[in-house]
Every structure is written in C-alpha cells, then in structure tokens.
Amino acid sequence: MKPPTHGKPPSWLYLLAALGFFFFALPLIALVAKVPWNEIGSLLVSEIVVESLRLSLITSIAATGIALLVGVPLAFLLARVDFPGRSVVRGVVLLPLVLPPVVGGVALLFALGRNGLVGSPVYEATGLVLPFSIWGAIVAAAFVATPFLIITVEGALRSGNIRFEGAAA
C-alpha cells in the first residue's frame, strides 16, 4: 500500500533524510567491508565466538522474558487505567531511553551492586552478585529494552478498539 502524500516535500528534506539513512547504513557497510570473508568459517566456530553467541542468546531471551513479564502489565495500566501519578510512572519507566548508557550502568550498579541499595541484602542473603555476571547483563539488557516494549504495547493498546476486546472475550 502506497503511503498518502500531500504534495512534493522540499528538497532539503530529501537531503536530511539521505544523511539520516547513511548515518545508520554506514556502520553496516563498514562491517561488511572489513569482515575477513575468507576466514569467516573458522572464525564462526572458534571457541570465543561460540561462547559469545551462547551468552548473547541466553541474555537476550532472558531479558525479553523479563521485559514481557513486567512491561506488558505496565503498558496495560498506562494505556487503560487512569490513576494518580500515572505521568510520573510513565516518566520513570521511560527514563532509560534518555539516560546515557554510562549513567544507566552506574545507577544499576548503585542499586544492584554488592554494596547497592538492593544488591547488598540480596548478596548477604544469597551470595548472588549481579555486576560483571550473566545475571547482571540480563538485568541491564532488560532495563534498556523494556521501555521500548512498553511504548509499543501502550501505543497498540491505546489505538485498539476496546469493543473488539470485549467481543473477543
């Protein structure tokens, strides 16, 4: 389906859009250009690459599970329930989107590190240390990814017709 148009946009818009496209495409082009393609088979089966892929897969699946577990209920409440402080909750939930990665990492360390607000009692009770472990990577990935899920699900719930949900139920 062709998107609707409202006349021809100004030429400077095409220029800025092209710059934006190349901003995202350039790293991909550089990656493809710099990969040693004649050694790719042996590189992909090397121990460090296999271990990295395994950790990435585990981390991404677990972070997705956490994001779904806490993000969908939050998105539902933000989209469908009017409660006091809803804008504050939305602001806090979306904060990881605007935080520099280093600030987010330090905040997670202060909260969940061995001497952190929550990390200290967890460490004393269980011996679990989150920083620099796969569990810490999972929590960090969920911290960064969950706001994207919440925005998407909240938007879908807001734009959906509640009558259809009632009919489906």
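Nothing here was measured: the structure is a model prediction, and the numbers come from that model.
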Please check: side-chain N/O of Arg86 versus main-chain N/O of Val81, any donor-acceptor pairing under 3.5 Å? yes
Quick one: pull up CG in Leu99 and CG in Leu108 and give me the separation to the nearest 0.5 Å. 9.5 Å
Shortest non-hydrogen contact from Phe143 toward Gly104: CE2-CA, 4.2 Å
Correct closest heavy-atom pair for Val32 and Trp37 would be O-NE1, 2.9 Å
Answer with yes or no whether the hydrophobic clustering places Leu74 together with Val92; edges join I, L, V, M, F, W, Y residues whose side-chain heavy atoms lie under 4.5 Å apart. no
Can you name the salt bridge (Lys or Arg N to Asp or Glu O under 4.0 Å) partners of Arg80, sequence neighbours left out? Glu165
For the backbone of Ala156 and the side chain of Ser159, can you confirm whether one donor and one acceptor N or O come within less than 3.5 Å of each other? yes
Could you go through Leu112 and Leu109, starting from their C-alpha distance and side-chain angles, then the distance that decides it, and tell me whether this counts as side-chain contact (heavy atoms from CB on, under 4.5 Å)? CA-CA 5 Å; Leu112 304 173; Leu109 189 62; over 6 Å; no
Which atom of Ala63 lies closest to which atom of Ala141, heavy atoms considered: CB-CB, 3.7 Å
Identify the two heavy atoms, one from Pro27 and one from Phe24, that lie closest to each other, and give their separation to 0.1 Å. CD-O, 3.5 Å
For Glu47, is the CD atom crowded, meaning more than 12 foreign heavy atoms sit under 6.0 Å from it? no
Is any side-chain heavy atom of Thr64 less than 4.5 Å from a side-chain heavy atom of Leu149? no
Leu26 side, atom CG; Leu19 side, atom CG - distance, nearest 0.5 Å: 11.5 Å
Under the criterion side-chain contact (heavy atoms from CB on, under 4.5 Å), which of Leu78, Leu97, Val93, Thr146 is the partner of Ile151? Leu97
Considering all heavy atoms of both residues, which atom of Ala75 and which atom of Glu154 are nearest to each other, and what is their separation? CB-N, 3.7 Å
Could you pull out the closest heavy-atom pair between Phe83 and Leu77, with the gap in Å? CE2-O, 3.8 Å
For residues Leu128 and Tyr123, determine if any side-chain heavy atom of one lies less than 4.5 Å from a side-chain heavy atom of the other. no
In this structure, CD1 of Ile150 is separated from CG of Leu94 (nearest 0.5 Å) by 7.0 Å
Mind checking who shares a hydrophobic cluster with Leu43, ILVMFWY linked at side-chain heavy-atom distances under 4.5 Å? none
Could you tell me whether the side chain of Leu44 reaches within less than 4.5 Å of the side chain of Ser42, counting heavy atoms only? no
Spacing of NZ belonging to Lys8 relative to OH belonging to Tyr14, to within rounding of 0.5 Å: 6.0 Å
Distance col, row Arg54:CZ vs Thr59:OG1, nearest 0.5 angstrom, shows 9.0 Å
In this structure, would Leu15 and Phe23 fall into the same cluster of hydrophobic residues linked by side-chain contacts under 4.5 Å? no
As an exercise, state the distance from OG of Ser60 to CD1 of Ile138, rounded to the nearest 0.5 Å. 9.5 Å
Among the clusters formed by ILVMFWY side chains lying less than 4.5 Å apart, do Leu55 and Trp135 turn up in the same one? yes
Path from Leu28 to Phe22 over hydrophobic side-chain contacts below 4.5 Å: no
With the 4.5 Å side-chain cut-off for hydrophobic clustering, are Val144 and Phe110 part of the same group? no
